[in-house]
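Quick notes on the structure that follows.
Side chains included, hydrogens not; waters and symmetry mates left out as well; all remaining heavy atoms used.
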Amino acid sequence: MKRVYLIMGAFCLMAATTMYGQSDVDYLVSGDPLEFSELGNAVDDLDNPMDLDFNRDEGRENELWVLNGGEIGGTTVIFYDPGTSDQNTLFLRDGNARHFMANSSAISFSDNETFGTAQNVLDANFQGGSFTGPSLWSTDLDIYAQNHGRNGSHLDMLHGSPYCSGIEAETDNIYWVFDGGNGHICRYDFVEPHVPGGEDHSDGKVWRYMEVAVERSMDVPSHLVRDRSTDWLYIVDAGNARILRMNVNSGTPAVDLQLINEPLAEHKRVDGVEWEVYISSGLEAPTGIEVADGRLLVSDNANGQIVVYDITGESAVELGRLETNAESIMGIKVGTDNNLYYVDNGARTLVRVGPQRAGSLVAESEITGVPDGGTQVNFDFTNNSSEALDLSVRAELSDRAPEAWELSVDGVTVAANSTVTIPVTISPGDELGIGDVTLFAWVEGRPELGDYFDRSTVISAGIESIHINDNSGNWSISQILRNRNFRFLELTPGDFAGISDMFNNLKTMVWNCGPNGQIEPSEATLIKSLLNDGTNIALIGDVAMITLGEAQFPNFDPQLLGQFGLSYGGRLEGPSFGFDPNTFPRITLNGVVGDPISGELMNVVGQITRTTQTAGIPSSRLNPQNGGFGFLHHNNTATDNVAVRYETDTYRAVAMSINPVNLSNNTQRNNLVQNIIDWLNGTIGSGTPQISFNTQQVNYGVVGVGSTSRESVVVSNTGDGPLQISNISISGGQNTFRTTAGENVPILVPAGSSTEIEVDFTPTSDQEFSALMTIRSNSDNSTQNDVIELNGNGTVASVAPADKGSNDALALDINPNPIAGQALVSYAVKGSSQKQVKLSLINSLGQEVSVLQNTMLAPGEYSLTIEGSALPAGSYYALLRTDDAAVYLPVVLLK
């Protein structure tokens, strides 16, 4: 958590008929100084925050729940006592959030210990249908996000509203939702929820207010809010950049509708609804909406403004605009303290806005490096009052800090209208680690002045592992790293660039890009420098691999890819998967048997993320080179690599063009990440491979033209590390030698094991052939290019090698040759005994196409006439043979 205080005014437009001071929230646009307090950020597990709401359960009103969106499943972060010195947080993820919180965009609490979420996705089953809608959850933390089986902890879900992008509680289990897929407002009554993780939704009632036509935005949610004093439901019609309102008590259920996706107790159309376009101009990308004390507040994602309207009259009157400077403002909420709270999706923050207090406390640095000898974290306290303040202070370390770390801090006096620096001394001892220092300040006996706190993340300069979260949003692997207890410091690329020189012992880095993250040229230079310094790096990025690999992008950097042992092989797009490229293709990946990272990962089902950034599917084919080893590939072919590992004398590197979070199976996903990090750290896949062969030369002898002879080369690994054969190639031999093993690389040979490489010889003519088979591997006892000699003779005879024209046993002549019509074939049988003699015509593939003579003949001279037109034009062999001898002559037939 990092709190930032800004003192600023807001430009205020007041209607002549409206007097300032009528509402408790008019301070937002009065022009008086305001205080912006950052209550939470990525450290508090805010990851793609979309919306927020206060718990309405009795006694739990101090709980502010923030909803993180995510196509693979949303999450929640509860802020207890937000904005006070007692603030703490709780991160929760449901066991089947992938379905029941798929791409969640909105949250709303009812008055019966339940809350609802809206799932802004076409199909929560990710199968191309429209099976999605709002979900109902319990606020009981013994139920919510606890293990209730394959359906998670949800209490109910109805599936008739694809792209459900807004939700507002009515009462009990009734919720209003923005049905973006069907383009109207719906009333969902879950009636009686089933047991946690159950399946029976048949008592549900869905009423459709089709007269209230809306259009969704692809960029922002369309939030709803009900004014409980008037029963107007205010609706952000984001696709049309306007605000609607409807009377929730109007309309009559008039027509029974056909069921959608599931049985329901009621599915009706409501007619005669009282509704209107309430605000039609002045908004660019409205998204968040709130009602408070006669005021309507609307957040505009396009410019970061919050617009305040007076709604006490017949029509809305704009009172002013609050400039938040948010990167991507989403949901907004006014608390019982009349402070305004909002989430900034781009900055991953929760912010509170209120009137300026007597003072403000801000850490001078969001991230502080701690050298081995200790350091100070400085906090600035500004006294805005006209009297001196005697501050009492205390400093605390977060639970993730090493136990040996110690803090010390002293109270201070701050003169009126001045600022003083409060140093907190950190003594880390011998332990390296990550922690957060929170400083609390207050004035004894003056509770009306409030209490103050801020936090700075502190890191040891000698930290060994860093996770760069590059605009990953839903695609962050932060939770996977936390689940597996890896102690990675998480930073943004910008944060890391400013402090990269502070780390003296950085060994492992995971640089993770989501579909909007890129490796900028300056970041590529930094990554190359880290590799050269011996840092082991895993580069995971969907679009990042495309932008690094396609020359039309400004951050194209083939040198960086080369340092990961690969070259860019193009995009893996729709046709290669058999899917429509406009959808989110489901894929199946396979590892390499025996590989330390992927050897146990077979038939891994996942989904490729689509992005508008590159107008395509952002997963790339990665071609291993220079010893790079493809360890994960699409099941269409082993050459469709999506992951490559690479090892040099100074570093290990992994590159992946599909994010692990896109894999469906949690166990496979987590194991893959753990194996990657274990391999980078050398805890698996280490040792020294040694290659040996059963032969350095393969001789096939004599093989008939067109026939195939197969021999094997046995490759053994006599070392104590995995031997990876990354490439097998054959040069020379006029394409007569071929190995199918070259299509199956990479081949992994565990220590103490062997593999056979089969090589076929198919001669195409009567001559000698020779070639060199090069085997590239990571062997320690070779030049990484081991060569096997291949030799063989082709012959047109299927018995002993044939002589041309004559030998001691036979003689053969043909005239004329080439043959345009008829030709005389003369032949002789030598010796003293009768023999079985066969005269044949053989084509260039060694196939017998015509038998001219096949009989017992005594020694002597013979002849016969052949008709050339009886066969297709081309090159042949006339073959005369007995059981122990053969002669031949080439024959050309003309037409």
Which pairs would a plain distance check flag for residues 811-824, meaning a side-chain donor or acceptor within less than 3.5 Å of a matching protein atom at least two apart in sequence or in another chain?
unit_1: Asn817; atom_1: OD1; unit_2: Val892; atom_2: N; d: 3.3
unit_1: Asn817; atom_1: ND2; unit_2: Pro890; atom_2: O; d: 2.8
unit_1: Gln822; atom_1: NE2; unit_2: Glu867; atom_2: OE1; d: 3.4

field: NZ/NE/NH1/NH2 to OD/OE distance under 4.0 Å, Asp760 and Arg710
entry: yes

Are [X] and [Y] packed together at the side-chain level, in the sense that at least one heavy-atom pair is separated by less than 4.5 angstrom?
X      : Y      : value
Trp511 : Glu523 : yes
Leu790 : Leu772 : no
Val851 : Leu839 : no
Thr865 : Val825 : no
Met773 : Ile757 : yes
Val759 : Glu711 : no
Asn626 : Arg776 : yes
Thr882 : Leu810 : yes

In Å, rounded to the nearest 0.5 Å, how long is the span from [atom1] of [X] to [atom2] of [Y]?
X      : Y      : atom1 : atom2 : result
Lys528 : Phe564 : NZ    : CZ    : 11.0 Å
Arg881 : Asn854 : CZ    : CG    : 8.5 Å
Ile788 : Thr774 : CD1   : OG1   : 9.0 Å
Ile728 : Thr740 : CD1   : OG1   : 9.0 Å

Show which side-chain atoms of residues 589-600 pair as donor or acceptor with protein atoms under 3.5 Å away, not counting sequence neighbours.
unit_1: Asn590; atom_1: OD1; unit_2: Asn603; atom_2: N; d: 2.7
unit_1: Asp595; atom_1: OD1; unit_2: Arg645; atom_2: NE; d: 2.9
unit_1: Asp595; atom_1: OD1; unit_2: Arg645; atom_2: NH2; d: 2.6
unit_1: Asp595; atom_1: OD2; unit_2: Ile597; atom_2: N; d: 3.0
unit_1: Asp595; atom_1: OD2; unit_2: Ser598; atom_2: N; d: 2.9
unit_1: Asp595; atom_1: OD2; unit_2: Ser598; atom_2: OG; d: 3.2
unit_1: Ser598; atom_1: OG; unit_2: Val592; atom_2: N; d: 3.1
unit_1: Ser598; atom_1: OG; unit_2: Phe631; atom_2: O; d: 2.4

message: Quick check: Tyr827 with Tyr862 (ring centres under 6.0 Å apart)?
response: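 Ring centres of Tyr827 and Tyr862 closer than 6.0 Å.
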
message: Suppose we call two aromatic rings close when their centres sit under 6.0 Å apart. Are Tyr700 and Phe769 close by that rule?
response: no

message: Filter on ring pair (Phe, Tyr, Trp, His ring centres under 6.0 Å), then keep only pairs touching residues 711-733, sequence neighbours left out; what's left?
response: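 Sorted pair list comes back empty.
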
query: Got a sec: does the CG of Asp808 have more than 12 other heavy atoms crowding it under 6.0 Å?
result: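 Check fails, neighbour count at 12 or below.
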
Flag if over 12 foreign heavy atoms under 6.0 Å of CG, Asn699: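 Enclosed: over 12 neighbouring heavy atoms sit under 6.0 Å from CG of Asn699.
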
task: Just do the side-chain hydrogen bond (donor to acceptor under 3.5 Å, both in side chains) check on Ser754 and Ser716 with the steps written out, would you?
output: CA-CA 4 Å; Ser754 301; Ser716 299; 2.7 Å; yes

field: Test ring pair (Phe, Tyr, Trp, His ring centres under 6.0 Å) applied to Tyr568 - qualifying residues, sequence neighbours left out
entry: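 Ring pair (Phe, Tyr, Trp, His ring centres under 6.0 Å) check on Tyr568 returns nothing, list empty.
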
- request: Output, in order, the C-alpha distance, side-chain angles, deciding distance and verdict of ring pair (Phe, Tyr, Trp, His ring centres under 6.0 Å) for Tyr888 and Tyr877.
  value: CA-CA 6 Å; Tyr888 78 96; Tyr877 296 97; 5.8 Å; yes

- prompt: In chain order, what residues pass the side-chain hydrogen bond (donor to acceptor under 3.5 Å, both in side chains) check against Ser863, with sequence neighbours excluded?
  reply: none

Can you give me every donor-acceptor pair (side chain of residues 688-695, partner residue at least two apart or in another chain, under 3.5 Å) with its distance?
unit_1: Gln690; atom_1: OE1; unit_2: Asn781; atom_2: ND2; d: 3.4
unit_1: Asn694; atom_1: OD1; unit_2: Val714; atom_2: N; d: 2.9
unit_1: Thr695; atom_1: OG1; unit_2: Gln697; atom_2: N; d: 3.0
unit_1: Thr695; atom_1: OG1; unit_2: Gln697; atom_2: O; d: 2.6

- request: Check step by step if side-chain hydrogen bond (donor to acceptor under 3.5 Å, both in side chains) holds for Asn681 and Asn536.
  value: CA-CA 7 Å; Asn681 291 333; Asn536 304 313; 4.9 Å; no

